[in-house]
Amino acid sequence: MLQNGRVFYPIGYGADPTGANESSDAILQALNDAFNVQSGLELLPGVKDLGGVIIDFQGGNYKISKPIRFPPGVGNVVVQGGTLRASDTFPSDRHLIELWAPNSQKLKRTDAIKIDRNYVFNDVKDQTARTYYEDITFRDVLFDSGFRGGGIFVIDSARIRINNCFFLHFTTQGILVQRGHETFISSCFLGQRSTVGGDPGEKGFSGTAIDLASNDNAITDVTIFSAAIGVLLRGQANIVTRVHCYNKATAFGGIGILVKLADAALTRIDNCYLDYTGIVLEDPVQVHVTNGFFLGDANIVLKSIKGRISGLTIVENMFNGSPARNVPIIKLDGEFSNIDQVVIERNNVNGMSLKSTAGKLSVAGNGTKWVADFSPILVFPNRISHFQYSMYVKGLPRLFVAYGVTNVSDNVVVVESDRAVTAVVSVAVDQYNMVGEGNFVM
């Protein structure tokens with residue numbers, strides 16, 4: 001049967017559900033017929049509303065030797081229920097399914113930089129390109145790239161849903177989104193190799209599970225179990241929540257979540273589980289990392305590209321690691337000279353070194369000098385923006401003692417008195433600057 005109402009079955013067009021024979025042309029013919037359904041309605045200008053037409057793989061296992069590339073100008077479509085596997089001749093630079101119009105210019109590798117053995121594209125902010133696809137849903141599909149290319153490529157599209165899907169054996173990206181808006185990826189599993197952790201070949205994992213060079217997208221309830229980079233964010237206003245990354249350990253060069261859009265990331269990473277692999281933020285501007293769990297010395301690296309950090313919030317996360325290594329929860333990679341509105345505090349640690357942009361210390365002693373050293377805890381070197389201090393003198397309630405701060409440098413505050421006393425000095429400092437606020441204290 002070719003179709004039942006507006007449900008189209010590739011098996012009816014000759015697709016082989018056993019995977020023994022090549023099925024690309026049959027699947028493409030089923031798509032062609034489905035996309036010729038007429039409703040006379042449009043979604044976005046130039047995008048036909050197909051009324052919810054369904055491409056149903058009926059639980060089949062289909063071998064394909066070329067991408068299933070959607071024609072431009074279609075929307076309100078569902079693709080569901082089966083497996084696509086790349087053949088031995090599938091092109092290694094393509095994806096199993098592509099929402100890619102002929103007029104859309106894909107970002108080229110010549111525009112990319114190399115990280116490890118993986119190419120990642122430059123920052124993408126232009127959202128003026130035309131939209132060719134809208135309201136297309138992929139659900140309950142397994143994408144097996146056969147170590148030849150990637151899973152899904154989406155470009156110049158709006159409101160695409162990838163739900164309850166499984167991605168295996170990609171060498172480029174499991175999911176690649178370029179330009180466009182609002183691709184929602186939820187309840188998916190992605191991995192280059194099938195593993196539950198501790199894989200003997202983990203050091204060799206490559207590829208990127210999810211690469212978003214696009215704005216306003218959401219990744220929710222996703223597990224990434226093998227890839228060099230779990231999630232790569234190169235667009236603005238994206239949210240990542242309830243994502244578990246154990247794709248490749250930091251010790252082997254892996255990155256769980258990489259935010260590359262320097263100067264204006266506008267990114268929210270909330271309630272994620274970084275499992276032996278961490279987060280790297282390049283020149284983060286308006287980035288929030290909250291409510292996360294970092295296991296196995298996983299931490300957050302702030303990487304300097306132009307030396308700027310602004311509007312960064314890292315709060316209320318849990319970090320767990322090895323006391324023998326005492327890895328800092330926040331690490332600086334390079335120097336930052338332009339810093340404002342950074343809040344890193346209210347995190348808790350076990351077996352790792354706590355880092356914060358605020359600190360409190362009490363120093364007790366008998367003498368004329370008390371030294372409060374905040375260098376082990378403060379994130380940025382030689383940078384105290386504000387301080388408060390007080391002295392409690394023991395045993396001499398009627399004696400007036402003159403005291404004050406005599407030096408603030410290298411994240412150390414020195415308080416001295418005019419006479420020797422037994423006292424406790426309490427000092428509170430922070431590294432928070434408003435925009436335009438000068439750093440008068442060093």
Side-chain angles (χ1 to χ4, degrees), residues 1-39 47-102 104 132-155 157 160-176 188 194:
M1 181 170 59
L2 299 180
Q3 69 181 93
N4 181 7
R6 292 197 172 192
V7 181
F8 290 78
Y9 304 107
I11 290 176
Y13 290 82
D16 179 3
T18 71
N21 299 307
E22 211 280 333
S23 296
S24 303
D25 290 337
I27 295 172
L28 287 167
Q29 185 58 52
L31 261 65
N32 183 68
D33 285 358
F35 295 162
N36 281 325
V37 169
Q38 300 297 320
S39 70
V47 178
K48 291 192 299 182
D49 181 351
L50 299 179
V53 66
I54 297 174
I55 312 298
D56 192 342
F57 289 123
Q58 296 179 281
N61 179 12
Y62 303 96
K63 180 170 66 175
I64 61 175
S65 59
K66 58 186 175 184
I68 306 303
R69 187 170 180 177
F70 282 39
V74 295
N76 197 359
V77 178
V78 175
V79 180
Q80 68 179 24
T83 297
L84 296 176
R85 298 188 189 276
S87 73
D88 292 340
T89 60
F90 191 90
S92 60
D93 60 345
R94 301 291 294 274
H95 294 71
L96 297 174
I97 285 184
E98 297 177 341
L99 305 188
W100 182 10
S104 291
Y132 293 97
Y133 307 95
E134 183 182 8
D135 187 19
I136 297 179
T137 299
F138 300 92
R139 66 187 183 207
D140 305 318
V141 179
L142 189 151
F143 297 82
D144 183 348
S145 301
F147 300 107
R148 300 189 62 80
I152 291 183
F153 173 45
V154 177
I155 184 169
S157 303
I160 307 301
R161 289 180 289 265
I162 303 172
N163 179 250
N164 281 348
C165 291
F166 203 107
F167 295 82
L168 273 175
H169 304 146
F170 50 84
T171 53
T172 53
Q173 307 89 11
I175 300 171
L176 171 62
C188 291
S194 190

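Scope of the values below: all heavy atoms of this structure, side chains included, with no hydrogens, waters or symmetry mates.
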For this output row, return yes or no: ring centroids of Phe70 and Phe35 closer than 6.0 angstrom. yes

Criterion side chain to side chain contact (heavy atoms under 4.5 Å, CB included) on Ser145 and Thr171, from CA distance to verdict: CA-CA 8 Å; Ser145 301; Thr171 53; over 6 Å; no

Which pairs with one or both residues in residues 88-102 pass salt bridge (charged side-chain N to carboxylate O under 4.0 Å, His left out), sequence neighbours excluded? Arg94-Glu98

List the residues meeting side chain to side chain donor-acceptor pair (under 3.5 Å) with Asp25, not counting sequence neighbours, and say none if there are none. Lys66

Which heavy atom of Ser92 sits nearest a heavy atom of Thr172, and at what distance? O-CG2, 4.1 Å

Separation of Cys188 SG from Ile152 CD1 (nearest 0.5 Å): 8.0 Å

For the side chain of Asn36 and the backbone of Asn32, is there at least one donor-acceptor N/O pair under 3.5 Å apart? yes

Could you pull out all residues at least two apart from Ser87 that satisfy side chain to side chain donor-acceptor pair (under 3.5 Å)? Thr89

Could you walk me through whether Ile27 and Leu84 satisfy the side chain to side chain contact (heavy atoms under 4.5 Å, CB included) test, starting with their C-alpha distance in whole Å, then the side-chain angles of each, then the deciding distance to 0.1 Å, before giving a yes or no? CA-CA 10 Å; Ile27 295 172; Leu84 296 176; 3.9 Å; yes

Can you give me the closest heavy-atom contact between Pro91 and Ser65, atom names plus distance? CD-O, 3.5 Å

Could I get the full list of ring pair (Phe, Tyr, Trp, His ring centres under 6.0 Å) partners for Phe167, not counting sequence neighbours? Phe143

State, to 0.1 Å, how close Val53 and Ala34 come at their nearest heavy-atom pair, and which atoms those are. CG2-CB, 3.8 Å

Considering residues at least two apart in sequence or located in another chain, which fulfil the ring pair (Phe, Tyr, Trp, His ring centres under 6.0 Å) criterion with Phe90? none

Listed by chain and number, what are the ring pair (Phe, Tyr, Trp, His ring centres under 6.0 Å) partners of Tyr133, not counting sequence neighbours? none

Name all pairs fulfilling the salt bridge (charged side-chain N to carboxylate O under 4.0 Å, His left out) condition that reach into residues 135-153, sequence neighbours left out, sorted by first residue then second. Arg85-Asp144, Asp135-Arg161

Say you draw a straight line from CG of Asn163 to OG1 of Thr137; how long is it, rounded to the nearest 0.5 Å? 8.0 Å

Locate the shortest heavy-atom distance separating Pro71 from Val74; write the atom from each residue and the value. O-CG2, 3.6 Å

Please collect all salt bridge (charged side-chain N to carboxylate O under 4.0 Å, His left out) contacts where either partner lies in residues 70-80, sequence neighbours excluded, each pair once. none

Check whether any side-chain N or O of Ser157 sits under 3.5 Å from a backbone N or O of Ile155 as a donor-acceptor pair, and report yes or no. yes

When every non-hydrogen atom of Ala101 is compared with those of Pro72, the smallest separation belongs to CB-CB, 3.6 Å

Just by modelled atom types, is the Leu50 backbone N or O under 3.5 Å from a matching donor or acceptor in the Asn76 side chain? no

Identify the heavy atoms of Ala30 and Pro10 that sit nearest to each other, and give their distance. CB-CA, 4.1 Å

Kindly write out the residues that satisfy ring pair (Phe, Tyr, Trp, His ring centres under 6.0 Å) with Tyr62, not counting sequence neighbours, or none if the list is empty. Phe57

Contacts of Thr83 meeting side chain to side chain donor-acceptor pair (under 3.5 Å) (sequence neighbours excluded), chain-then-number -> none

Just grab all the salt bridge (charged side-chain N to carboxylate O under 4.0 Å, His left out) pairs involving residues 4-24, residues at least two apart or on different chains. none

Paired with Phe138, the side-chain contact (heavy atoms from CB on, under 4.5 Å) test is passed by just one of Leu99, Val154, Ile175, namely Leu99

Can you tell me how far apart CD1 (Ile68) and CG (Leu28) are? Round to the nearest 0.5 Å. 4.0 Å

